[in-house]
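Contents: one structure, followed by commentary.
Every value quoted in this text rests on a predicted model; they were computed, and no experiment measured them. Quick note: numbers below take in every heavy atom, side chains included, and nothing from hydrogens, waters or symmetry partners. For the single chain, residues carry numbers from 1 onward in sequence order.
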Amino acid sequence: MGWFGYGIYDGDETQTRHITFLKWAKIEHDSDVIFDNYFIEDKTILPKDKLLLFQKNISFILKRITKPSKWDEDSAIEWQMLLALFVDNKLKAPAKIYENGVSATIHLMEYADDFDNPSKRKKALKKFIDTAEKYNNKLSNR
């Protein structure tokens, strides 16, 4: 996987995983529509009607991904990106998504030494975990 920065969306196949999730959740079928309408400044922001549908259909996504017996970079990014959809939209994530997304992000810190500035990468990952924690502890599902 190629990285061009330190943030969670600064790698190949990161935010683009949201396209797959939104298709699985029956939010939108056209990748271009998702990219053009929902990818806003390094976040994936859904309009309110799509947020409600996303929350209703989250089970369709969870049927297609499972927590691996041992994390690797790809499986960790998949769970982190699923949690990121909730964080981007300031939603409390279901417990399974929150727990696996945080665990996956912690695992990704093991790869930080591969970056030019490992502490900058770890700081970005920690910031993501802190934001996810904030939404999960202070917000109720919309």
Side-chain angles (χ1 to χ4, degrees), residues 1-112 114-115 117-142:
M1 177 169 291
W3 290 90
F4 51 89
Y6 299 96
I8 65 166
Y9 291 131
D10 292 339
D12 298 337
E13 298 298 318
T14 53
Q15 190 174 13
T16 55
R17 291 190 189 211
H18 290 177
I19 292 172
T20 301
F21 297 148
L22 295 176
K23 286 180 177 182
W24 290 346
K26 302 179 184 200
I27 304 300
E28 180 59 58
H29 300 290
D30 187 329
S31 299
D32 291 332
V33 170
I34 294 170
F35 184 82
D36 292 341
N37 294 302
Y38 305 140
F39 284 18
I40 302 168
E41 297 179 13
D42 289 331
K43 293 184 187 239
T44 302
I45 306 296
L46 301 174
K48 187 170 183 156
D49 63 319
K50 301 294 185 184
L51 276 177
L52 296 172
L53 185 59
F54 173 68
Q55 289 177 296
K56 177 183 173 193
N57 291 348
I58 194 67
S59 62
F60 297 140
I61 297 170
L62 291 174
K63 287 179 184 175
R64 293 184 147 195
I65 67 172
T66 57
K67 180 182 177 188
S69 57
K70 183 177 179 184
W71 289 113
D72 60 28
E73 187 177 20
D74 287 335
S75 62
I77 288 173
E78 183 172 52
W79 278 99
Q80 180 190 54
M81 288 297 103
L82 183 53
L83 178 58
L85 264 173
F86 286 87
V87 171
D88 286 355
N89 288 282
K90 300 178 181 172
L91 294 173
K92 181 176 182 176
K96 179 178 182 177
I97 294 169
Y98 175 75
E99 291 164 9
N100 287 338
V102 168
S103 179
T105 303
I106 291 167
H107 173 77
L108 289 171
M109 286 186 195
E110 294 178 19
Y111 296 92
D114 296 339
F115 286 73
N117 187 336
S119 64
K120 191 171 182 178
R121 174 64 172 161
K122 288 177 185 177
K123 184 177 179 180
L125 294 173
K126 176 76 170 110
K127 181 180 177 185
F128 173 74
I129 291 170
D130 291 345
T131 304
E133 182 179 27
K134 177 179 89 172
Y135 293 134
N136 264 29
N137 289 332
K138 294 185 179 178
L139 295 176
S140 61
N141 284 320
R142 289 185 186 175

Would Ile8 and Thr14 count as a side chain to side chain contact (heavy atoms under 4.5 Å, CB included) here? Give the steps.
CA-CA 7 Å; Ile8 65 166; Thr14 53; over 6 Å; no
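- Not counting sequence neighbours, the partners of Ser31 by the side-chain contact (heavy atoms from CB on, under 4.5 Å) test are Ile19, Lys23.
- Ile97 contributes atom CD1, which lies 10.5 Å from atom CG of Leu91 (distance to the nearest 0.5 angstrom).
- For the atom pair NE2 (His29) and CD1 (Ile34), the distance works out to 9.0 Å, reported to the nearest 0.5 Å.
- Of the possible polar contacts, none joining the Asp88 side chain to the Lys43 backbone as a donor-acceptor pair under 3.5 Å is found.
- Here Asn136 contributes atom CG and Lys134 contributes atom NZ; the two are 12.0 Å apart, rounded to the nearest 0.5 Å.
- Each of Tyr135, Tyr98, Phe54 was evaluated against Phe86; a single residue qualifies, Phe54, per the side chain to side chain contact (heavy atoms under 4.5 Å, CB included) test.
- Rounding to the nearest 0.5 angstrom, the gap separating the CD1 atom in Ile61 from the CZ atom in Phe21 is 6.5 Å.
- Counting only heavy atoms from C-beta outward, the side chains of Leu82 and Ile58 approach each other to under 4.5 Å.
- Contact check for Arg17 versus Trp79: no side-chain heavy atoms found under the 4.5 Å cut-off.
- In terms of the salt bridge (Lys or Arg N to Asp or Glu O under 4.0 Å) criterion, residue partners of Lys126 (sequence neighbours excluded) are, by chain and number, Asp130.
- Of all heavy-atom pairs spanning Tyr38 and Lys50, the tightest one is OH-CE, 3.4 Å.
- Taking the side-chain contact (heavy atoms from CB on, under 4.5 Å) definition, one finds that Ile106 meets it with Val102, Ile129, sequence neighbours left out.
- Scanning for side chain to side chain donor-acceptor pair (under 3.5 Å) contacts around Ser75 gives Asp72, with sequence neighbours left out.
- Closest heavy-atom contact between Gly101 and Thr105: O-OG1, 2.8 Å.
- In terms of the side-chain contact (heavy atoms from CB on, under 4.5 Å) criterion, residue partners of Leu53 (sequence neighbours excluded) are, by chain and number, Ile27, Asn57.
- Taking the side chain to side chain donor-acceptor pair (under 3.5 Å) definition, one finds that Glu28 meets it with nothing, sequence neighbours left out.
- A search for ring pair (Phe, Tyr, Trp, His ring centres under 6.0 Å) contacts involving Tyr111 returns His107, not counting sequence neighbours.
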List the steps, then state whether side-chain hydrogen bond (donor to acceptor under 3.5 Å, both in side chains) holds for Ser103 with Trp71.
CA-CA 9 Å; Ser103 179; Trp71 289 113; 3.1 Å; yes
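- Listed by first then second residue, pairs satisfying side-chain hydrogen bond (donor to acceptor under 3.5 Å, both in side chains) with a partner in residues 59-68 number zero, not counting sequence neighbours.
- Residues meeting the ring pair (Phe, Tyr, Trp, His ring centres under 6.0 Å) test with Phe35, sequence neighbours left out: Phe39.
- Distance check, rounded to the nearest 0.5 Å: CG of Leu83 to NZ of Lys96 gives 14.0 Å.
- In terms of modelled atom types and a separation under 3.5 Å, the side chain of Glu73 and the main chain of Leu108 share no donor-acceptor contact.
- Residues forming a side-chain contact (heavy atoms from CB on, under 4.5 Å) with Lys56 (at least two apart in sequence, or on another chain): none.
- Scanning for ring pair (Phe, Tyr, Trp, His ring centres under 6.0 Å) contacts around Phe128 gives an empty result, with sequence neighbours left out.
- Across every non-hydrogen atom of His18 and Ala84, the tightest pair is NE2-CB, 4.0 Å.
- Put simply, the side chain of Thr44 reaches to within 4.5 Å of the side chain of Gln15, judged on heavy atoms.
- Asn89 contributes a side-chain N or O that, together with a main-chain N or O of Leu46, makes up a donor-acceptor pair within less than 3.5 Å.
- Remark: Ser119 engages Asn117 in a side chain to side chain donor-acceptor pair (under 3.5 Å) (not counting sequence neighbours).
- Distance check, rounded to the nearest 0.5 Å: CD1 of Ile40 to CD1 of Ile45 gives 6.0 Å.
- Nearest approach of Leu125 to Met109, heavy atoms of both residues: CD1-CG, 3.6 Å.
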